[in-house]
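In what follows, chains carry the letters A, B, and so on, assigned in the order in which the sequence lines appear, proteins first and then strands, with residues in each chain numbered from 1.
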Protein chains: 4
Amino acid sequence: MKQKRPKYMQIIDAAVEVIAENGYHQSQVSKIAKQAGVADGTIYLYFKNKEDILISLFKEKMGQFIERMEEDIKDKETAKEKLALVISKHFSLLADDHNLAIVTQLELRQSNLELRQKINEILKGYLTILEGILTEGIQSGELKDGLDVRLARQMIFGTIDETVTTWVMNDQKYDIAALSDSVLELLVSGIHNK
Amino acid sequence: MKQKRPKYMQIIDAAVEVIAENGYHQSQVSKIAKQAGVADGTIYLYFKNKEDILISLFKEKMGQFIERMEEDIKDKETAKEKLALVISKHFSLLADDHNLAIVTQLELRQSNLELRQKINEILKGYLTILEGILTEGIQSGELKDGLDVRLARQMIFGTIDETVTTWVMNDQKYDIAALSDSVLELLVSGIHNK
Amino acid sequence: MKQKRPKYMQIIDAAVEVIAENGYHQSQVSKIAKQAGVADGTIYLYFKNKEDILISLFKEKMGQFIERMEEDIKDKETAKEKLALVISKHFSLLADDHNLAIVTQLELRQSNLELRQKINEILKGYLTILEGILTEGIQSGELKDGLDVRLARQMIFGTIDETVTTWVMNDQKYDIAALSDSVLELLVSGIHNK
Amino acid sequence: MKQKRPKYMQIIDAAVEVIAENGYHQSQVSKIAKQAGVADGTIYLYFKNKEDILISLFKEKMGQFIERMEEDIKDKETAKEKLALVISKHFSLLADDHNLAIVTQLELRQSNLELRQKINEILKGYLTILEGILTEGIQSGELKDGLDVRLARQMIFGTIDETVTTWVMNDQKYDIAALSDSVLELLVSGIHNK
DNA sequence: AATGAATGAGTGTTCATTCAT
DNA sequence: TATGAATGAACACTCATTCAT
């Protein structure tokens, strides 16, 4: 279906590039249109307004990531294995697309509250996956009995997000994918000795 | 020096209130001036520009928090005790000032990248404290040998920040201070059983 | 010729309906096309541009009205009888087509000056009829000798037009056709007693 | 009071000039500001929005005209004398200000329905004066018993308005003030002989 | 120190019209 | 004839900052 609307993805890809290059507040619709190789008005044949470009951008890039994630973790046995997969996939998704990393970690966060709440709606799918892993892990006895699932989910997501943001703010200088194992170990065992 | 300029804090407090009430993008300089009971032009006798109000706001509110924190943890022995103090102080600081919580967790993040980088500069003091606790803990043998201090710091800060943001986005409905112990335990021991 | 092009009238009728319903400035070409059941581009096979639709609309609806009027008044003897016919026909034309009344009295007047001048061209036929009635009436001695024909024509047309516009602006609540006799009497004898 | 705000009238006068010269749809706010010798933003210190300029324009120019009219006709005895005053004042107001005539008779009518309804509100004062004259005239026996006041008012206003509009559309070539007596006579005695 | 009137740069969106099919 | 996707020009309004008083 969307292959039939090549301009839809064309515009979204242009938006990622323009925002990564110029920053959120310097990414006018006309600039995105130019980068996409279409007229300004054409944007509005595919998107309701500028905000809709940004939401759609996030939905397309993260939405399908989350869907695929759901499939992939089914093949894994333990909570730890599943979590390892989530972390490494998350890291490599953004490591493989530097522009997308800049846009999602830095630029899109400058949007107004309303837009960010819509982005959070999309992220809920991700959080649900994390909570699912945790709940199963508790039932199987792998994870601590009495674990506060919401708090644990906040720790996992907060840690991943902070790690990625720090990496992006450091101009993506080091190999974030290589940190997956260490991050997993921290989340699973904490910082205490023994 | 600043005690001699009561309007300085008067304007900062007005800014917190106005931003918490109206949101970042609806907090015009004229609105802040009105709330502070001064003329628009007076703002510019105390602040270089609008951005300077926001940076000063963060510096005043968080800066003194960080300074006091540095003192307080000196009295604690173990890394865990120190971390416990950081978490509970952080939580209670924001639990005690709902407006400040809204401003720092939601509104100020809509600012442009440049401003956020300056905010990060101020936060560095906080991160340094965390890294100090971790380094000491490793040396004393309390914390894992070979712990990646930067990663661990990112986990701690990311977890605290995500926990607070979720709490603010849920309209601060529950008692976040009560979560301190659970969060500490998660960070120290992880999610795994045993 | 135009009977061979049913879409011509189809588009004009659609325009009347769309404009009456949505107002002049909310009557986009695409909306008219949709109402007419044709594609946007098809409009331009029958009309030079949007303005041409509106002029043609006026020409079709008022033009044939004026033509028929010319025929009808031939059967009448006196200037007063002729004028009576003009007034009652004018009122009933618009009373019978509420949408047309809205379009000609309110919406079309929002058009630019150029279009309105073209509409005035079409109206000239109407004004000519009025002046003819007046000139004949003067010659026959029925009307005042020395009557300023242009002024009298302006009074007659201005009165009719204002009466209709007021009626439309009052949502066509009352029976305008019933006012014909009173309006005629006013124009013929004025407001003075005796 | 308004002398203290010289820019208010300065902007209104600029608007009349710009609209008369460039036409309604080519009168951008920036053009009006330039003509008034102020910055674009200054406009919005005195007017809520562009529409507000136009309404205020009409209110200032016609509103005070109507107020003064109310005073002036008190000195006249008969309905005919009062009507004579209204007509000649109306004509001379617009004959004395060619730009104002263009703006009120041609350009302002291209505005949207909403604005025109607000203009009509202002005009109501004028119509009330006319109806007052008519009602008094009937009571005194000067005017026809059983005269339909609303219809008669519509005739008077419609005639005046049509006369002025025709004059403006003919580039104000002739002396409209000279027509006052003839128009009065027509309205008072009608077109019929005897 | 304090005021507040004035400034002027900057942009998302609509819609009449075209033209390849 | 008929289609409808694509075009691109055009503009009101906000608000951080200044400066004469």
Side-chain angles (χ1 to χ4, degrees), chain A residues 4-8 11 25-34 36-54, chain B residues 4-8 11 25-34 36-54, chain C residues 4-8 11 25-34 36-54, chain D residues 4-8 10-11 25-34 36-53:
Chain A
K4 282 183 161 185
R5 306 194 308 166
K7 292 200 175 155
Y8 176 83
I11 291 165
H25 288 292
Q26 275 309 302
S27 296
Q28 295 85 351
V29 170
S30 61
K31 220 176 250 173
I32 295 171
K34 198 171 187 180
V38 299
D40 292 17
T42 304
I43 298 271
Y44 293 87
L45 297 177
Y46 295 92
F47 301 92
K48 215 167 72 247
N49 48 36
K50 186 180 181 182
E51 188 179 79
D52 191 32
I53 307 176
L54 306 175
Chain B
K4 284 184 164 181
R5 303 192 303 169
K7 289 195 178 163
Y8 175 85
I11 290 166
H25 289 291
Q26 276 310 300
S27 296
Q28 297 83 354
V29 170
S30 62
K31 218 175 248 172
I32 295 171
K34 197 173 189 182
V38 301
D40 293 15
T42 306
I43 298 271
Y44 292 87
L45 299 175
Y46 295 90
F47 300 92
K48 212 166 77 247
N49 49 34
K50 187 181 181 182
E51 188 177 83
D52 190 32
I53 307 176
L54 306 176
Chain C
K4 283 184 164 182
R5 303 193 302 168
K7 288 193 180 166
Y8 176 85
I11 291 166
H25 288 292
Q26 277 308 303
S27 296
Q28 297 84 353
V29 170
S30 62
K31 222 178 246 170
I32 296 172
K34 198 173 187 181
V38 301
D40 293 16
T42 305
I43 298 270
Y44 292 87
L45 297 176
Y46 293 92
F47 300 92
K48 211 167 76 246
N49 49 35
K50 186 182 181 180
E51 189 178 82
D52 190 31
I53 307 176
L54 306 175
Chain D
K4 282 184 161 182
R5 302 195 310 167
K7 293 201 174 155
Y8 176 84
Q10 198 172 318
I11 291 164
H25 289 291
Q26 275 308 302
S27 296
Q28 295 85 350
V29 170
S30 62
K31 221 176 246 173
I32 295 172
K34 199 172 187 180
V38 300
D40 292 17
T42 305
I43 299 271
Y44 293 87
L45 297 176
Y46 294 91
F47 300 92
K48 217 169 70 248
N49 49 37
K50 188 182 180 181
E51 187 178 82
D52 191 31
I53 306 176

Inset, instruction - Name the nucleic acid region contacted by D:Val29, choosing base, sugar-phosphate or nothing; use a 4.0 angstrom heavy-atom cut-off, strictly under. - result: sugar-phosphate
Legend entry - Euclidean distance, B:Leu54 CG relative to B:Ile32 CD1, rounded to 0.5 Å: 6.5 Å
Inset, instruction - Write down the distance between CG (B:Asp52) and P (F:dA16), rounded to a whole number of angstrom. - result: 14 Å
Inset, instruction - Could you say whether B:Gln28 or C:Lys7 is positioned toward the 5' end of DNA chain F, judged by the nucleotide with the nearest heavy atom to each? - result: C:Lys7
Inset, instruction - Identify, between D:Gly41 and C:Asn49, the residue whose nearest nucleotide on DNA chain E lies closer to the 5' end. - result: D:Gly41
Legend entry - Closest non-hydrogen atom pair, D:Gln28 against D:Gln26: OE1-O, 2.9 Å
Inset, instruction - Could you tell me the separation between the CG atom of A:Leu45 and the P atom of F:dG4, rounded to a whole number of Å? - result: 14 Å
Legend entry - Heavy-atom closest pair, residues B:Val29 and B:Tyr44: CG2-OH, 3.9 Å
Legend entry - Sugar-phosphate only, base, or nothing, as touched by A:Lys48 at under 4.0 Å among non-hydrogen atoms: nothing
Inset, instruction - With heavy atoms under 4.0 Å as the rule, sort C:Phe47 into base, sugar-phosphate or nothing. - result: nothing
Inset, instruction - Give the nucleotide from the list F:dT3, F:dA16, F:dG4 with an atom nearest to the side chain of C:Asp40. - result: F:dG4
Legend entry - Whole-Å gap separating C1' (F:dG4) and NZ (C:Lys31): 18 Å
Legend entry - Nearest-0.5 Å distance, CD1 of residue D:Ile53 to CD of residue D:Glu51: 10.5 Å
Legend entry - Whichever of B:Lys50 and C:Thr42 has its nearest DNA chain F nucleotide further upstream toward 5': C:Thr42
Legend entry - Whole-Å gap separating C1' (F:dC11) and NZ (D:Lys34): 16 Å
Legend entry - Spacing of CD1 belonging to B:Ile43 relative to OH belonging to B:Tyr8, to within rounding of 0.5 Å: 12.0 Å
Legend entry - Minimum heavy-atom distance A:Ile11-A:Tyr46, with the two atoms named: CD1-CD1, 4.1 Å
Inset, instruction - Using the closest heavy atom to pick a nucleotide of DNA chain E for each, name whichever of A:Ser27 or D:Val38 lands nearer the 5' end. - result: D:Val38
Inset, instruction - Determine the minimum heavy-atom distance between B:His25 and A:His25, stating which atoms define it. - result: CE1-CE1, 4.4 Å
Inset, instruction - For E:dA5, give its Watson-Crick or G-U wobble partner with both distances under 3.5 Å, or none. - result: F:dT18
Inset, instruction - Taking heavy atoms of chain A and a 4.0 Å limit, find me the 5'-most and 3'-most nucleotide of DNA chain E within that range. - result: E:dT11 to E:dT14
